[in-house]
Number of protein chains: 2
Amino acid sequence: MSVDAFAVLAEPSRRRILERLRRAESSVGDLADALGMSQPTVSKHLRVLREAGFVTVRTAAQQRIYRLDVRPLRAVDDWLGPYRRLWADHLDALERHLESQE
Amino acid sequence: MSVDAFAVLAEPSRRRILERLRRAESSVGDLADALGMSQPTVSKHLRVLREAGFVTVRTAAQQRIYRLDVRPLRAVDDWLGPYRRLWADHLDALERHLESQE
DNA sequence: CGCTCATATGCCTGTCAAGTAATACACGCT
DNA sequence: AGCGTGTATTACTTGACAGGCATATGAGCG
């Protein structure tokens with residue numbers, strides 16, 4: 001968990017990996033194939049994701065199966081909380097306005 | 001809106017600026033003072049934030065007053081949507097499990 | 001034990017972004 | 001018009017990081 005979650009998500013390739021792992025766990029080679037990236041590149045991104053807690057690994061024969069862990073994403077979601085209140089409030093204000101128009 | 005929202009948020013200084021603007025709109029100098037950053041640094045970050053739509057500016061005399069705009073944050077929130085479903089589902093599963101235990 | 005497949009790691013290079021210092025620009029005031 | 005304040009912009013230096021290639025590690029199998 002050494003690296004900041006936002007910094008991890010800043011890299012588009014890593015978001016693509018997460019999107020894929022959201023559907024199903026996957027081996028490194030499958031990810032590289034599916035995303036059109038080289039195997040070393042995928043491995044490096046997976047290392048970053050793993051160290052930040054976004055994924056966990058399991059060894060199956062000679063493959064490493066990576067699986068999504070949602071906890072860092074929940075942290076991002078929590079960070080968004082106070083801001084979400086802002087637009088929720090604005091929506092409330094809009095609703096009140098619309099009601100007063102009727 | 002040229003730059004990716006996640007890349008913008010990856011910079012801790014910019015998140016601090018957003019946190020401050022969440023409480024109240026502010027001039028460049030006030031931000032620099034409050035956050036202990038140099039004025040050019042703040043201006044530079046504000047430019048990035050502005051080009052990505054996170055803030056809007058208004059000119060008041062010789063000051064530029066910056067104000068938060070939540071739309072890019074809503075985009076991030078939307079991106080999180082499918083993942084939020086994941087842990088919501090897991091919670092549901094947990095609840096069902098607990099119910100079956102009673 | 002050597003071979004092979006799957007993955008990880010090291011090294012190199014190019015790129016890009018952050019911070020600083022100096023400077024330019026815009027506005028208001030006298 | 002000239003001056004001072006507030007802000008933007010520039011040039012420069014430095015550091016981090018991504019991608020490519022080559023190579024190391026490790027597990028399974030003959």
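Order of the sequence lines sets the chain letters (A, B, ...), proteins ahead of strands, with each chain counted from 1.
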Using side-chain heavy atoms (C-beta onward) and a distance below 4.5 Å, is [X] in contact with [Y]?
{"X": "Ile17(B)", "Y": "Leu35(B)", "answer": "yes"}
{"X": "Arg74(A)", "Y": "Leu80(B)", "answer": "no"}
{"X": "Tyr83(B)", "Y": "Arg22(A)", "answer": "yes"}
{"X": "Leu9(A)", "Y": "Leu18(A)", "answer": "yes"}
{"X": "Glu11(B)", "Y": "Val48(B)", "answer": "no"}

**OP:** Specify the closest pair of heavy atoms between Val76(B) and Ala5(B), including all atoms of both residues, with the distance to one decimal.
**Re:**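 The answer is CG2-CB, 4.1 Å.
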Original post:
Which atom pair, heavy atoms only, marks the closest approach of Ala60(A) to Ile65(A)?
Top reply: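 Between these two residues, the closest heavy atoms are CB-CG1, 4.0 Å.
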Original post:
More than 12 foreign heavy atoms under 6.0 Å from CZ of Arg84(A): is that the case here?
Top reply: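 Counting other residues, nucleotides and ligands, CZ of Arg84(A) exceeds 12 neighbours.
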Original post:
Quick one: which of Glu25(A), Arg67(A), Arg50(A) gives a side chain to side chain contact (heavy atoms under 4.5 Å, CB included) with Thr56(A)?
Top reply: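 Among the candidates, only Arg67(A) passes.
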Rounded off to whole Å, could you give me the [atom1]-to-[atom2] distance for the [X] and [N] pair?
{"X": "Leu46(A)", "N": "dG19(D)", "atom1": "CG", "atom2": "P", "result": "12 Å"}
{"X": "His45(B)", "N": "dT7(D)", "atom1": "NE2", "atom2": "P", "result": "16 Å"}
{"X": "Ile65(B)", "N": "dG6(D)", "atom1": "CD1", "atom2": "P", "result": "12 Å"}

Subject >> 5'-most by nearest nucleotide on DNA chain D - Glu11(A) or Gln39(A) >> reply: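 The 5'-side residue here is Glu11(A).
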Close N or O pairs between protein and nucleotides 25-30 of chain D (under 3.5 Å):
none

**OP:** May I ask you to establish whether Arg14(B) and Phe54(B) are in a cation-pi arrangement, using a distance under 6.0 Å from NZ or CZ to the six-membered ring centre and at most 45° from the ring axis?
**Re:**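 Pair Arg14(B)/Phe54(B) does not count as cation-pi.
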Original post:
Roughly how far apart are Leu49(A) CG and His45(A) NE2, rounded to 0.5 Å?
Top reply: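 Nearest 0.5 Å value for the CG-NE2 distance: 8.5 Å.
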Original post:
Just the endpoints, please: which first and last nucleotides of DNA chain C, 5' to 3', lie under 4.0 Å from a heavy atom of chain A?
Top reply: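 Contact span on the strand: dA6(C) to dC11(C).
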Original post:
Under 4.0 angstrom, heavy atoms only, what part of the nucleic acid is Thr41(B) near: base, sugar-phosphate, or nothing?
Top reply: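 Base: the residue Thr41(B), judged by heavy atoms under 4.0 Å, touches a nucleobase.
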Original post:
Of the residues in residues 17-37 of chain A, which ones touch DNA chain D at a heavy-atom distance under 4.0 Å?
Top reply: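 Contacts with DNA chain D under 4.0 Å: none.
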Original post:
Taking for each residue the nucleotide of DNA chain C bearing the nearest heavy atom, is the 5' side occupied by Gln63(A) or by Lys44(A)?
Top reply: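 By nearest-heavy-atom nucleotide position, the 5'-most residue is Gln63(A).
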